[in-house]
Amino acid sequence: MTRTALVTGATAGIGHAFARRLARSGTNLILVARSTGRLEQIARDLQDRHGVDVEVITADLATTEGIRRVADRLSEAGRPVDLLVNNAGASLAGWFGATDIADEDRQLDLLVRAPMHLMDAAIKSMSGRGQGGIINVASVAAFTPRGAYSAHKAWLVNISQWANLQYADVGITVQALCPGFTRTEFHQRMGAQTDDVPGWMWLKADTVVKASLRDLRRGKAISVPTLRYKILATAARHAPVGLVARIAKRGR
Ligand SMILES: NC(=O)c1ccc[n+]([C@@H]2O[C@H](COP(=O)([O-])OP(=O)(O)OC[C@H]3O[C@@H](n4cnc5c(N)ncnc54)[C@H](OP(=O)(O)O)[C@@H]3O)[C@@H](O)[C@H]2O)c1
C-alpha cells in the first residue's frame with residue numbers, strides 16, 4: 001500500500017496528474033518542482049479536497065544542490081517514502097550538435113543524473129523496509145534513435161528493466177513509463193510546433209497516469225499507455241532503424 005509518494009515535476013502535466021490521482025486514493029504527497037508558488041497552490045488544493053498531507057520541496061533538479069535536497073528527503077528513515085515518481089523533464093528545441101553544450105549538460109542532469117540519484121536514495125531506503133515502487137517517466141521516444149532526448153529516455157528504460165528484476169526480491173517494483181504525445185505544457189515550453197501531429201496521437205495526462213499505476217500494481221517494468229502506442233512502440237523496436245528514425249523525426 002502506498003502511504004507516501006514523492007513526485008518530481010508536480011506543478012504541471014503528467015506530474016500534476018500523478019499528484020491528483022494519488023491524493024484521491026488517500027496517498028500523502030511530497031511535491032517537487034522549481035516554482036514554489038505553483039507547488040504551494042497545488043498542495044493547498046489537494047489537502048482541501050482529499051485531506052492528505054502534502055509537503056513541497058522547491059528544487060531545480062538540473063543542479064547538484066537541488067538533487068541533494070530531494071535525495072536527502074528520500075533517505076529520511078523516520079519519514080519513509082513508498083513511491084518515487086521521477087517525472088520532471090523538459091526538452092530543447094534544437095537537435096544535439098546544433099544546441100549549446102551547456103544546455104545539453106543541464107538536460108543530461110535533469111533527465112538522467114537527477115533520476116539516477118533519486119532512484120539510488122529510494123532503493124537504499126526501500127530495500128531496508130522490504131517494499132516500494134519507483135516510476136521513471138521515460139517516453140516512447142526511448143525506442144527511436146532521435147537525438148539526446150531519446151538517448152536519455154533510453155537510459156531510463158534500460159536501467160528500469162534491470163532494476164525491476166534486480167530488486168524484485170526485496171519488494172521493489174521499478175517501472176519505465178513510456179507515453180506518446182501527451183497534452184501538457186511540455187511542447188509549448190520547448191517552443192515546438194505540434195500542429196502537424198494528428199489528433200489521435202494525443203493522450204490525456206490522466207490516461208497516462210491511470211495506465212502507469214495499473215501496470216505498477218502488476219509489476220510491469222515497462223508501461224506504454226494505450227493500445228495505439230503499444231503497437232507503435234512494438235513496431236519501432238523491430239523495424240529497420242533508418243525507417244524508424246525518419247518517421248520519428250516529427251516530434252518528441
Ligand atoms: N508531454 C509529452 O508529450 C511527453 C511524452 C513523453 C514523455 N514525457 C515526459 O513526461 C515528463 C513530464 O513532462 P510533461 O509533459 O508533464 O511536461 P510539463 O507539463 O512541461 O511539466 C514538466 C514539469 O517538470 C518540472 N520541471 C521542469 N524542469 C525542472 C527542473 N529543472 N527541476 C525541477 N522540476 C522541473 C516543471 O515544473 P517547474 O517549471 O515549476 O520546475 C513541471 O512541473 C517529462 O519527463 C517528459 O520528458 C512527456
Side-chain angles (χ1 to χ4, degrees), residues 6-21 29-43 56-71 84-93 103 105-115 117-118 135-144 146-157 160 175-194 197-198 201-209 211-212 222-226 229 232-233 236 248 250-252:
L6 187 149
V7 182
T8 70
T11 51
I14 295 170
H16 189 200
F18 265 111
R20 286 195 308 269
R21 181 163 283 268
L29 293 168
I30 304 154
L31 307 180
V32 180
R34 290 167 303 181
S35 25
T36 309
R38 283 183 90 174
L39 280 172
E40 287 176 347
Q41 177 64 49
I42 290 167
V56 301
I57 303 177
T58 305
D60 182 346
L61 291 171
T63 67
T64 299
E65 163 57 23
I67 294 171
R68 191 193 52 73
R69 201 172 314 140
V70 182
L84 163 66
V85 184
N86 266 322
N87 164 78
S91 186
L92 299 175
D103 291 337
D105 263 338
R106 272 189 292 277
Q107 280 293 105
L108 186 65
D109 287 348
L110 175 63
L111 296 180
V112 177
R113 191 158 167 266
H117 278 255
L118 302 190
I135 296 171
N136 291 316
V137 182
S139 168
V140 284
F143 307 124
T144 66
R146 207 179 40 184
Y149 177 82
S150 295
H152 300 334
K153 296 301 191 181
W155 185 92
L156 270 184
V157 168
S160 302
Q175 175 195 98
L177 168 60
C178 300
F181 285 108
T182 308
R183 290 206 190 276
T184 66
E185 297 175 14
F186 182 85
H187 295 94
Q188 188 192 337
R189 284 181 194 235
M190 69 184 271
Q193 175 57 258
T194 55
V197 179
M201 291 193 91
W202 287 100
L203 304 176
K204 289 185 183 149
D206 286 326
T207 306
V208 168
V209 167
S212 167
I222 297 185
S223 175
V224 180
T226 75
Y229 273 105
L232 287 175
R250 298 174 59 172
R252 337 201 148 184

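Ligands are counted one by one from 1 in listed order, and the atoms in each one are counted from 1 as well.
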- Message: Regarding ligand 1, does N87 bring an N or O atom to under 3.5 Å of one of the ligand's N or O atoms?
- Response: yes
- Message: Would you call the rings of F181 and H187 parallel, tilted or perpendicular, taking 30° and 60° as the class edges?
- Response: tilted
- Item | Gap separating the CG atom of N86 from the CG atom of L118, nearest 0.5 angstrom | 5.0 Å
- Message: Quick check: I14 and ligand 1, any N/O pair under 3.5 Å apart?
- Response: yes
- Heavy-atom proximity to atom 13 (O) of ligand 1, picking from F181, F186, F18, Y149, points to F186
- Message: Side chains of T36 and T58 only: does a donor on one sit below 3.5 Å from an acceptor on the other?
- Response: yes
- Query: Where on H187 is there a heavy atom closer than 4.0 Å to ligand 1, on the side chain, on the backbone, on both, or on neither?
  - Reply: side chain
- Looking only at distances, please establish whether an N/O atom of ligand 1 is found under 3.5 Å from an N/O atom of L61. yes
- Which one holds for A138 and ligand 1: side chain close, backbone close, both close, or neither close, with close meaning a heavy atom under 4.0 Å? backbone
- Ignoring angles and geometry beyond distance, decide whether G9 reaches within less than 3.5 Å of ligand 1 through its nitrogen or oxygen atoms. yes
- Item | Side chain, backbone, both or neither: E185 near ligand 1, heavy atoms under 4.0 Å | both
- Quick check: does W202 get an N/O under 3.5 Å from an N/O on ligand 1? no
- Message: Less than 4.0 angstrom from a charged side-chain N to a carboxylate O is my criterion; do D109 and R106 meet it?
- Response: no
- Message: Distance check, rounded to the nearest 0.5 Å: L203 atom CG versus D206 atom CG?
- Response: 11.5 Å
- Query: If we only count heavy atoms from C-beta on, is the V157 to F143 side-chain gap below 4.5 Å?
  - Reply: yes
- Message: Pair L232, V140 - check side-chain contact (heavy atoms from CB on, under 4.5 Å), show working.
- Response: CA-CA 9 Å; L232 287 175; V140 284; over 6 Å; no
- Message: Taking a cutoff of less than 4.0 Å between a non-hydrogen atom of the residue and any ligand atom, is R183 in contact with ligand 1?
- Response: no
- With only distance considered, is G15 within less than 3.5 Å of ligand 1 through an N or O on each side? no
- Message: So which atom in T63 and which in D60 form the shortest heavy-atom distance, rounded to 0.1 Å?
- Response: OG1-O, 2.7 Å
